[in-house]
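This is a predicted model, so every value here is computed, not measured. All heavy atoms count here, side chains included; hydrogens, waters and symmetry mates do not.
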Amino acid sequence: MTSEAGLSVRVTGQRRTARSHFAFDVALDFAVGLNVLFGPSGSGKTTILSTIAGLLRAESGRITLAGRVLFEHQTHVDLPPDHRRVALVFQSLALFPHLDASQNVEFGVPRSVARAERLERALGWLERMRVGHLARRFPISFSGGEAQRVALARALASEPRALLLDEPFSALDRELAQELSAELIEHIASAPIPVVLVTHDRALAHRLGERVTLLRAGKVERSGSAQELLPEVE
Amino acid sequence: MTSEAGLSVRVTGQRRTARSHFAFDVALDFAVGLNVLFGPSGSGKTTILSTIAGLLRAESGRITLAGRVLFEHQTHVDLPPDHRRVALVFQSLALFPHLDASQNVEFGVPRSVARAERLERALGWLERMRVGHLARRFPISFSGGEAQRVALARALASEPRALLLDEPFSALDRELAQELSAELIEHIASAPIPVVLVTHDRALAHRLGERVTLLRAGKVERSGSAQELLPEVE
Amino acid sequence: KPKSSEPIRVAAAADLAHAFDELKPAFSAKNRSEVTVTIGSSGLLAKQIDEGAPFDLFLAANTSYVDQVVKAGSCDGATEHTYARGRLVIWVKGADGARLSIGALAEPRFKRVAIANPEHAPYGAAARDALTKAGLWSQVSERIVYGENVQQTLELAKTGNADAAIVGLSLALAQPVGSWALVDEASYAPIDQALAVCTHGGNTAGGRKLAEFLNAPEGRAILRKYGFLLPGEAVAKVP
Amino acid sequence: MIDLEPLALSFEVAIVATAIASALGVALAGVLTLPRLIGREVIDSAITAPMVLPPTVLGYYLLVALGRESAIGHLFEALFGTPIVFSRGGAVVAATIGALPLITKASRAALESVDARLVDAARTLGASSLRGFLRVSLPLARRGIFAGVMLGFARALGDFGVTLMVAGNIPGRTRTASLAIYDAVLAGRDADATRLSLIMTALAIAVLVVAAHLTRSRSDDI
Amino acid sequence: MIDLEPLALSFEVAIVATAIASALGVALAGVLTLPRLIGREVIDSAITAPMVLPPTVLGYYLLVALGRESAIGHLFEALFGTPIVFSRGGAVVAATIGALPLITKASRAALESVDARLVDAARTLGASSLRGFLRVSLPLARRGIFAGVMLGFARALGDFGVTLMVAGNIPGRTRTASLAIYDAVLAGRDADATRLSLIMTALAIAVLVVAAHLTRSRSDDI
Ligand SMILES: Nc1ncnc2c1ncn2[C@@H]1O[C@H](COP(=O)(O)OP(=O)(O)OP(=O)(O)O)[C@@H](O)[C@H]1O
Ligand SMILES: Nc1ncnc2c1ncn2[C@@H]1O[C@H](COP(=O)(O)OP(=O)(O)OP(=O)(O)O)[C@@H](O)[C@H]1O
Ligand SMILES: [Mg+2]
Ligand SMILES: [Mg+2]
């Protein structure tokens with residue numbers, strides 16, 4: 001049921017260390033617009049986003065984005081992360097500590113953009129995330145919520161064809177979360193790409209999610225609208 | 001209005017880098033039991049917790065815990081963090097990457113506890129935080145919510161005289177957050193200490209917070225019950 | 001207090017390396033005492049002896065280093081004497097060295113000439129003397145490359161990186177390759193090599209015995225064989 | 001009066017050698033952190049191994065390898081018209097070889113300690129693995145790399161044995177301070193040797209301190 | 001037949017010296033990261049500075065400083081009844097001095113790269129600053145420290161000039177492999193020299209590779 005421009009993910013895989021093992025097997029279709037990925041802690045949300053971004057290699061299956069094959073086990077296609085044009089806001093944010101906020105965001109701006117314009121754009125994104133005042137500051141001095149917003153700005157600035165957000169508002173107060181999700185929706189309207197949002201916040205899921213997928217233990221449990229899936233919101 | 005066993009914080013201070021500056025000036029009284037610290041991103045919540053824990057030095061004022069002076073500018077008292085017995089769950093968690101979950105928690109168990117018993121206790125805390133199965137695994141393989149729970153277990157295991165929690169449930173789903181906060185309340189009942197909980201989650205604040213303090217731009221804006229301060233919860 | 005179990009420890013100049021390969025067993029066969037040899041730059045050895053290095057006998061490549069250790073009280077002045085005189089040769093890697101004279105070094109085919117550092121190596125000082133005497137110093141000095149000791153100097157030519165080396169005869173004789181010609185002995189100050197028995201070792205008596213052995217016919221024969229002139233002997237033919 | 005020419009030469013050679021060894025060492029360290037490299041530890045150890053030989057002996061082997069009768073020596077002489085041995089180039093080669101293992105090993109350790117998630121982040125932002133290396137790994141590894149470079153510089157400055165063999169000891173041309181100090185000691189000019197040693201040490205400390213402050217003030221900003 | 005005694009001696013001396021230099025170097029590095037230290041860079045550079053002197057000359061100065069007529073030498077001889085110079089102790093001192101700056105500088109850089117928040121976390125959990133250092137900073141800095149230790153070991157194994165002067169080149173007592181190789185060269189026993197060099201290099205590579213694998217498998221678990 002995926003649209004031509006959507007993100008289709010049908011993969012199996014696993015993560016293992018000497019002492020643990022986690023397997024996943026999912027078929028997910030993320031249409032253009034907002035998609036909420038919901039699930040208990042440890043159900044594999046981050047794992048699946050990493051697999052889509054190309055940071056983890058799936059063991060079988062296929063990932064396509066807007067018709068383009070990012071990964072296909074059978075044909076040995078496995079695009080490296082930098083060729084996938086999938087931006088990921090990490091749960092751990094992963095801001096570059098040696099770059100200030102504007103440089104962090106500039107890092108994401110495509111190299112095709114003229115040098116002079118890159119800073120402009122970076123500053124623009126910081127403004128939209130309400131952290132323009134941090135431009136010349138380094139991540140070590142950001143508060144939790146400030147860092148989260150810079151990470152969002154950086155991902156958005158990279159003009160991705162798909163955007164994966166791993167609990168991007170978890171450190172923000174409600175007002176700010178609402179403002180930023182509004183910005184996000186506005187952005188999607190102008191650049192129609194699939195956005196996958198991982199969140200534990202049911203209220204947010206309700207507000208944003210026409211499409212919600214419920215993950216449990218590495219498998220899709222159900223998918224549908226927020227109303228159907230998460231009725232018991234306060 | 002602080003009880004004898006409470007945590008009294010009356011300090012001013014600042015954080016600065018070459019490119020930024022943030023000043024705070026607060027008078028806070030945290031009684032035994034749960035206290036919620038609420039405030040927008042960047043209002044200084046983390047900064048104040050760090051100051052209480054002794055990781056940041058206040059510029060003036062006084063911090064006492066259960067009648068014991070932790071910091072007093074005038075008399076040049078400034079106990080080092082390890083003498084304060086104040087446990088802090090960092091927003092960034094700060095798990096030790098070279099230690100497995102049980103070792104992380106064991107690190108917190110007081111040295112006065114017999115060696116053989118320390119591991120017991122560590123495992124006990126992991127169980128109570130629903131991450132007993134992670135005991136022998138290293139932090140790199142934890143999901144966001146798993147890491148958060150190990151960090152909680154570590155703080156609790158240190159038998160602190162005050163517990164500071166910086167958004168400890170932000171990566172947990174609602175059910176889990178509820179379970180763990182119940183555990184926390186149970187713990188406080190058995191060991192009556194002040195607990196300061198930073199959260200953006202209004203529902204959680206309502207459920208837990210008889211006492212809520214609202215911080216804004218490094219100053220206390222108001223304090224009172226959750227009903228009074230945060231009425232607009234969904 | 002000499003202990004018979006203590007070996008006789010000898011500190012010897014670099015040009016004696018090969019001679020000692022033969023001296024050692026010859027001496028031990030007669031005296032039933034073990035000899036250990038430390039080869040090195042006489043200057044460094046002298047400094048070490050001054051700081052108490054446990055040597056019983058010091059064989060330098062000149063006399064002044066021995067004077068120095070005697071003056072410092074580290075070696076017995078009564079035992080100081082010249083045991084050999086070194087001889088200078090021009091050594092080349094090819095087979096045409098036998099007819100060389102020092103004057104030939106002016107030829108452009110000698111792009112690089114290696115000599116030991118004249119500042120502190122006795123053979124180096126002699127080499128410079130000889131070149132100066134021949135009136136070549138100013139011409140050749142541009143093309144000189146210095147080795148820290150004769151052995152290294154020879155190495156520079158042996159590897160083909162210097163076209164000729166001026167070194168001690170003792171060394172030239174030990175080479176399986178190359179050819180050489182003696183430098184006129186009148187053109188440089190004699191390379192008199194002195195020895196002295198030293199006091200910081202554990203076997204001074206052994207040191208004395210070895211010194212005597214070097215002066216005895218058997219020892220002298222070996223030194224002669226390795227290209228040294230001996231005290232009290234006229235300039236002899238090269239073996 | 002003390003001859004300052006060897007000092008100037010030493011610093012000149014050490015700076016050039018450190019620059020070369022840094023570029024080479026960091027590149028090697030980068031290769032050594034490639035995920036699918038075979039024989040990683042063997043390569044690393046082989047780069048370190050020359051350190052265990054006495055420098056003059058190492059120098060001797062180099063003299064043979066680079067000398068006028070070697071293939072490399074022939075090639076070099078054909079290309080540049082002058083042999084590499086007994087030249088400043090030889091001194092630079094000698095100092096570079098001394099500095100290389102220090103820089104490589106320190107850089108590798110620092111690069112391996114960089115948080116892999118940051119490089120991952122760079123990749124998802126469209127950075128090639130090379131760009132991720134240059135713009136993320138390298139700057140984050142800077143402390144360790146810099147420590148290696150400073151060690152390399154000190155080692156290059158102090159090289160004696162290898163320089164002696166490969167560059168020769170030619171006054172005004174390849175007589176570095178290290179050689180000059182040694183000569184002075186052996187010639188019994190102890191006062192000269194001590195004076196030159198002290199100047200050398202003091203200058204080296206000054207350079208190291210200034211370099212440390214220069215690189216540190218940049219990161220203090222952060 | 002090749003005399004293996006110098007090889008055994010070299011490894012013996014290098015292992016002891018590396019152990020001493022590691023303890024000392026890591027402790028020094030710890031001191032160098034103390035927040036309120038004055039003259040940090042000067043101290044660090046002063047530890048590195050001996051590297052810029054020709055080893056034999058450094059050895060000569062050490063010989064004078066530790067010699068039987070020096071205060072230190074007297075003290076040592078009074079305490080242990082035997083002089084430190086021209087002994088294995090002297091060889092250990094020489095190798096230690098060579099290894100120390102490498103270990104110190106690499107360790108300091110690694111320690112400074114440790115995430116300060118982790119040490120903070122340890123402190124709030126009741127760890128003294130010493131415990132925080134030992135249980136958190138040190139293990140997290142292990143890669144860099146280990147790189148320094150391996151460099152230090154290679155340097156200790158290969159020390160020539162300082163050992164030559166301080167320990168002397170006394171057969172059976174202080175003749176390390178490095179000295180034996182040099183001796184072979186001086187005596188024109190080129191084949192011996194090459195053979196010993198090869199064995200030495202191969203052994204060093206083997207030790208370094210094994211050590212790298214041993215330390216790595218521990219952290220692969222994580
Ligand atoms: N490198 C790894 N090796 C082994 N297991 C891993 C590894 N990384 C994660 N896991 C396990 O895989 C499971 C899924 O992890 P993942 O991070 O995807 O969860 P999540 O849904 O994002 O959870 P959270 O909401 O807590 O962040 C967890 O049980 C985790 O312990
Ligand atoms: N080291 C620092 N130097 C300068 N300013 C800093 C530093 N650390 C934090 N700040 C600033 O101080 C303010 C308060 O930061 P703090 O981390 O206490 O906020 P917070 O209330 O915890 O916010 P959040 O909810 O986003 O975590 C922020 O504006 C932040 O930018
Ligand atoms: Mg996750
Ligand atoms: Mg915060």
inquiry  = Under the criterion side chain to side chain contact (heavy atoms under 4.5 Å, CB included), I'd like the reasoning laid out for V85(D) against R112(C): C-alpha separation, chi angles, the key distance, then a yes or no.
reply    = CA-CA 11 Å; V85(D) 295; R112(C) 284 274 166 217; over 6 Å; no
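Few gaps surround CG on L198(D); more than 12 heavy atoms of other groups in view lie less than 6.0 Å from it. Atom CZ of R99(C) sits in a sparse spot, with 12 or fewer heavy atoms from other residues, nucleotides or ligands closer than 6.0 Å.
For the atom pair CD1 of I170(D) and CD of E142(C), the computed distance is 9.5 Å after rounding to the nearest 0.5 Å. Rounded to the nearest 0.5 angstrom, T159(C) OG1 and L62(D) CG are separated by 11.5 Å. Here OH of Y146(C) is found 9.5 Å from CG of D183(D). Values are rounded to the nearest 0.5 Å.
A side-chain donor-acceptor contact under 3.5 Å links N161(C) to the backbone of R68(D).
With a 4.5 angstrom heavy-atom cutoff, Q152(C) touches chain D only via side-chain atoms. Using a 4.5 Å cut-off between heavy atoms, S41(C) touches chain D through its side chain atoms alone. Of the atoms belonging to D163(C), it is side-chain heavy atoms, and not backbone ones, that fall under 4.5 Å from chain D. Neither the backbone nor the side chain of K158(C) comes within contact range of chain D; no heavy atom of the residue lies under 4.5 Å from a heavy atom of that chain. Residue contact with chain D, scored on non-hydrogen atoms closer than 4.5 Å, involves the backbone and the side chain of L44(C) alike.
In this structure, the side chains of E148(C) and L186(D) come closer than 4.5 Å at one or more pairs of heavy atoms. Taking the side chain as every heavy atom from C-beta outward, F86(D) and L156(C) approach each other to under 4.5 Å.
Listed options V64(D), T56(D), L164(D) were ranked by heavy-atom pairs under 4.5 angstrom with chain C; first place goes to L164(D).
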